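These notes concern the structure reproduced below.
As a basis for the values below, the full set of heavy atoms in this structure was taken, side chains included, without hydrogen atoms, waters or symmetry mates. Order of the sequence lines fixes the chain letters, A, B, ..., with proteins taken first and strands second; residue numbering starts at 1 for each chain. Please read all numbers here as calculations on a predicted model, not as lab measurements.
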Amino acid sequence: MAKQSVLTPQAQDFPRWYQDILAKAELAENGPVRGTMVIRPYGYSIWERIQAEIDARIKAAGAKNAYFPLFIPESYLKREAEHVEGFSPELAVVTHAGGEELAEPVVVRPTSETVIGEYMAKWTQSYRDLPLLLNQWANVVRWELRPRLFLRTSEFLWQEGHTAHVDEADAAAYARRIHHDVYNDFLTEVLAIPAQLGIKTARERFAGATNTMTCEGMMGDGKALQMATSHELGQNFARAFDIKFLGDDSVEHLCFTTSWGASSRLVGGLIMGHGDDNGLVVPPRLAPVQVAILAIRDEPDVADAIDVLEAELKGAGIRVEVDRRQGSFGRRVTDWELKGVPVRVEIGPRDLAEGSLTIARRDTSEKITVPVAEAASRVPVLLEEIQASLLTGAIAKRDDRTTDVSSLAEAIEAGQHGFARLPWRLVGPEGEAELNKHTLSVRCLQSPEGGIPDDHDADDLVCIVARSY
RNA sequence: CGGGCUGUGGCGCAGUUUGGUAGCGCGCUGCGUUCGGGACGCAGAGGCCCCGGGUUCAAGUCCCGGCAGCCCGACCA
């Protein structure tokens with residue numbers, strides 16, 4: 001049969017392609033209330049893998065998981081001036097419950113700095129209690145005017161870390177550690193998306209933070225996606241919530257706090273970062289299904305060979321799924337392609353007669369014929385090869401679409417289809433406002449070598465300008 | 001919240017100009033033939049035509065009023 005595209009090609013209509021993929025790969029759909037999202041089992045299994053990888057890294061960085069309530073007293077939000085101001089337009093507020101009007105309205109958490117701050121204050125008495133390193137996995141609500149599944153929905157899933165430290169240096173070091181060892185490591189090693197790390201401008205900073213660090217990924221259409229953020233909150237929340245401790249100098253001090261988060265938006269980043277016209281492309285280390293095995297014909301010999309291979313691969317710790325569905329071969333192949341499964345093993349009588357089977361990789365569409373006996377040892381190697389190749393490819397693509405420019409006008413031009421990089425002193429707050437008028441924004445500020453700058457006010461900072469999600 | 005477009009079986013759409021038995025493709029069910037890149041035949045199921053009013057013998061179609069979605073702009077993980 002002639003190969004026709006199942007998805008709207010990216011080049012034709014990228015947003016449409018994105019929506020097609022959500023449906024065809026069975027990732028998610030709209031919920032009944034505008035802006036809400038139903039995550040389907042396959043989409044959720046990807047999120048669970050993201051959670052597992054990030055959670056392990058958070059724990060390795062010493063933070064412990066806890067859970068704080070969904071409902072927050074409205075008065076809490078109001079205690080930190082910039083924080084309320086930043087969030088009030090997107091708050092969902094409960095005014096009635098139990099059949100009565102509430103004495104004090106309750107806010108559905110848009111983030112938990114405030115409640116957690118209240119309890120940190122309780123738990124922090126001595127410098128010996130510090131640092132206090134907490135994390136929670138939760139849903140949050142930020143009412144959105146223009147929702148896009150996974151990228152911007154009124155309710156989303158995330159992880160939010162909250163920490164308290166004895167001094168600013170320790171807080172800054174920890175936030176930076178999380179940014180590098182949790183977020184950037186996950187993005188690079190698992191998601192295979194090379195992020196631009198840097199700090200946000202005052203305009204783009206989190207409401208109530210003294211510094212916001214970001215990981216900016218480049219999507220298939222050249223737009224930027226903020227994939228994780230880490231904030232230094234200074235003493236702003238400590239002051240508002242009385243997070244104090246008695247130091248080794250026997251004097252009472254205010255803590256310095258941080259917060260950091262990554263959300264289900266990462267699934268959107270995965271889709272747009274690696275997906276192609278044939279569907280999703282999931283990096284092997286992330287993939288909930290790393291290998292799909294399918295029979296070309298439903299025959300006893302074939303079934304036996306599949307059973308053996310399945311057992312071998314599972315024994316090697318590989319996430320395998322055998323496709324035992326009835327449909328035609330072409331249909332089943334296309335389904336696994338849409339879902340982005342990195343490796344497909346096809347076994348048919350013709351292969352088997354020669355003692356071999358076919359291995360196809362999703363990223364390059366390349367197919368190889370391998371002796372049955374070698375399959376189990378070849379697959380793990382191939383998976384790592386694919387993982388590496390995805391990262392290399394993503395780096396090349398990003399570099400290709402990143403342009404060094406030397407004026408605001410050039411940045412406005414170059415930023416339309418990729419990242420524009422230029423000295424921050426040529427932009428500044430005024431230039432930033434000008435960029436905004438052209439649907440562009442300063443994604444982050446970096447040191448001249450790239451990466452998070454040590455001195456936020458250095459005059460040699462470089463900025464990355466792009467359109468963004 | 002401004003500008004444009006659209007609401008019709010699960011999905012994508014035609015039908016609306018000119019009112020007159022609700023259609024097509026895909027998907028779904030059954031049977032059979034198939035299966036090396038979205039197979040084919042036959043037989044079926046499935047519709048408050050977004051909602052509420054109005055005009056008319058008769059409304060998917062005309063009129064009034066709502067609501068929802070998509071795309072483009074201002075805000076955001």
Measure the shortest side-chain to side-chain distance between [X] and [Y] over non-hydrogen atoms and say whether it is less than 4.5 angstrom.
X        : Y        : value
A:Leu280 : A:Ile271 : yes
A:Tyr469 : A:Met272 : yes
A:Asp335 : A:Arg325 : yes
A:Thr111 : A:Ser259 : no

Side-chain donor or acceptor of [X] paired with backbone N/O of [Y] under 3.5 Å:
X        : Y        : answer
A:Gln446 : A:Gly198 : no
A:Arg57  : A:Glu53  : yes
A:His180 : A:Arg176 : yes
A:Asp323 : A:Leu294 : no
A:His274 : A:Ala192 : yes

Exercise. When all nucleic acid strands are considered with a 4.0 Å heavy-atom cut-off, which category describes A:Gly86: base, sugar-phosphate, or nothing?
Worked result: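 Counting heavy atoms under 4.0 Å across all strands, no contact is made by A:Gly86.
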Exercise. If you look at every strand shown and take non-hydrogen atoms under 4.0 Å, does A:Lys200 touch a base, only sugar-phosphate, or nothing?
Worked result: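 Since no nucleic acid heavy atom lies under 4.0 Å of A:Lys200, the category is nothing.
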Of the options [options], whose atoms approach the side-chain atoms of [X] most closely?
X        : options             : answer
A:Ile296 : B:A39, B:A77, B:G36 : B:G36
A:Arg332 : B:C71, B:C75, B:C35 : B:C35
A:Glu90  : B:C75, B:C76, B:G37 : B:C76

What residues from [range] pass a heavy-atom cutoff of under 4.0 Å to RNA chain B?
range                       : result
residues 429-439 of chain A : A:Asn436, A:Thr439
residues 50-63 of chain A   : none
residues 258-267 of chain A : A:Ser263, A:Arg265
residues 341-368 of chain A : A:Arg344, A:Gly348, A:Pro349, A:Arg350, A:Asp351, A:Thr358, A:Lys367

Problem set entry | Contact list for residues 277-295 of chain A, test salt bridge (charged side-chain N to carboxylate O under 4.0 Å, His left out), sequence neighbours left out |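 Qualifying pairs: A:Glu189-A:Arg285, A:Arg285-A:Glu384.
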For this session: Can you run down the salt bridge (charged side-chain N to carboxylate O under 4.0 Å, His left out) pairs that involve residues 338-353 of chain A, sequence neighbours left out, and say none if there aren't any?
Result: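 Pairs touching residues 338-353 of chain A that pass the test: A:Glu26-A:Lys339, A:Glu337-A:Arg344, A:Arg344-A:Glu346, A:Glu346-A:Lys367.
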Exercise. With no hydrogens and no angle check, do the side chains of A:Arg331 and A:Ser328 hold a donor and an acceptor under 3.5 Å apart?
Worked result: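 No pair is found: no donor N or O on one side chain lies under 3.5 Å from an acceptor on the other.
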What's the [atom1]-[atom2] distance between [X] and [N], to the nearest Å?
X        : N     : atom1 : atom2 : value
A:Glu160 : B:A77 : CD    : P     : 13 Å
A:Glu299 : B:U34 : CD    : C1'   : 13 Å
A:Arg152 : B:C70 : CZ    : C1'   : 14 Å
A:Glu26  : B:G27 : CD    : P     : 15 Å

For this session: Could you tell me whether the side-chain ring of A:Phe329 sits stacked on the base of B:G36, using a centroid cut-off under 5.5 Å and a plane angle under 30°?
Result: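 No, aromatic ring not over the base.
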Exercise. Closer than 4.0 Å, any side-chain N/O of A:Arg331 to the OP1 or OP2 of B:G27?
Worked result: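 It does, given that an N or O in the side chain of A:Arg331 lies less than 4.0 Å from OP1 or OP2 of B:G27.
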Exercise. Between A:Leu408 and A:Val427, is a side chain to side chain contact (heavy atoms under 4.5 Å, CB included) present by the stated rule, with each step listed?
Worked result: CA-CA 6 Å; A:Leu408 196 60; A:Val427 182; 4.1 Å; yes
Seminar exercise, completed: In 5'-to-3' order, the base (B), backbone-only (S) or no-contact (-) status of each nucleotide in nucleotides 1-8 of chain B, using a 4.0 angstrom heavy-atom cut-off, is --------
For this session: Taking side chain to side chain donor-acceptor pair (under 3.5 Å) as the test, write out the residues that go with A:Asn135, two or more places apart.
Result: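 If we apply the side chain to side chain donor-acceptor pair (under 3.5 Å) test to A:Asn135, skipping adjacent residues, the hits are A:Asn65, A:Gln159.
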Exercise. Quick one: salt bridge (Lys or Arg N to Asp or Glu O under 4.0 Å) partners of A:Asp55, sequence neighbours excluded?
Worked result: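 Partners of A:Asp55 by the salt bridge (Lys or Arg N to Asp or Glu O under 4.0 Å) criterion, ordered by chain and then number, come out as A:Lys59.
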Exercise. For A:Arg152, which residues count as a side-chain contact (heavy atoms from CB on, under 4.5 Å) partner, sequence neighbours excluded?
Worked result: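 So A:Arg152 forms a side-chain contact (heavy atoms from CB on, under 4.5 Å) with A:Glu144, A:Arg146, A:Arg148.
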For this session: Identify whether the distance between the nearest side-chain nitrogen and carboxylate oxygen of A:Glu310 and A:Arg324 falls below 4.0 Å.
Result: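 Counted as a salt bridge, because a side-chain N and a carboxylate O are separated by less than 4.0 Å.
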Problem set entry | Nucleotide pairing, RNA chain B (Watson-Crick or G-U, distances under 3.5 Å), in dot-bracket with [ ] and | | (((((((..((((......[..)))).((((((.....)))))).....(((((..]....))))))))))))....
Exercise. So, for A:Phe241 and A:Tyr119, is the gap between ring centers shorter than 6.0 Å?
Worked result: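 Aromatic pair excluded; centres sit 6.0 Å or further apart.
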Show me the donor-acceptor pairs within less than 3.5 Å that the side chains of residues 206-220 of chain A make with the rest of the protein, sequence neighbours left out.
unit_1	atom_1	unit_2	atom_2	d
A:Thr210	OG1	A:Glu232	O	3.0
A:Asn211	ND2	A:Glu232	OE2	3.0
A:Thr212	OG1	A:Phe206	N	3.1
A:Thr212	OG1	A:His231	ND1	2.8
A:Thr214	OG1	A:Glu216	OE2	2.7
A:Glu216	OE1	A:Arg443	NE	3.0
A:Glu216	OE1	A:Arg443	NH2	3.4
A:Glu216	OE2	A:Lys200	NZ	2.8

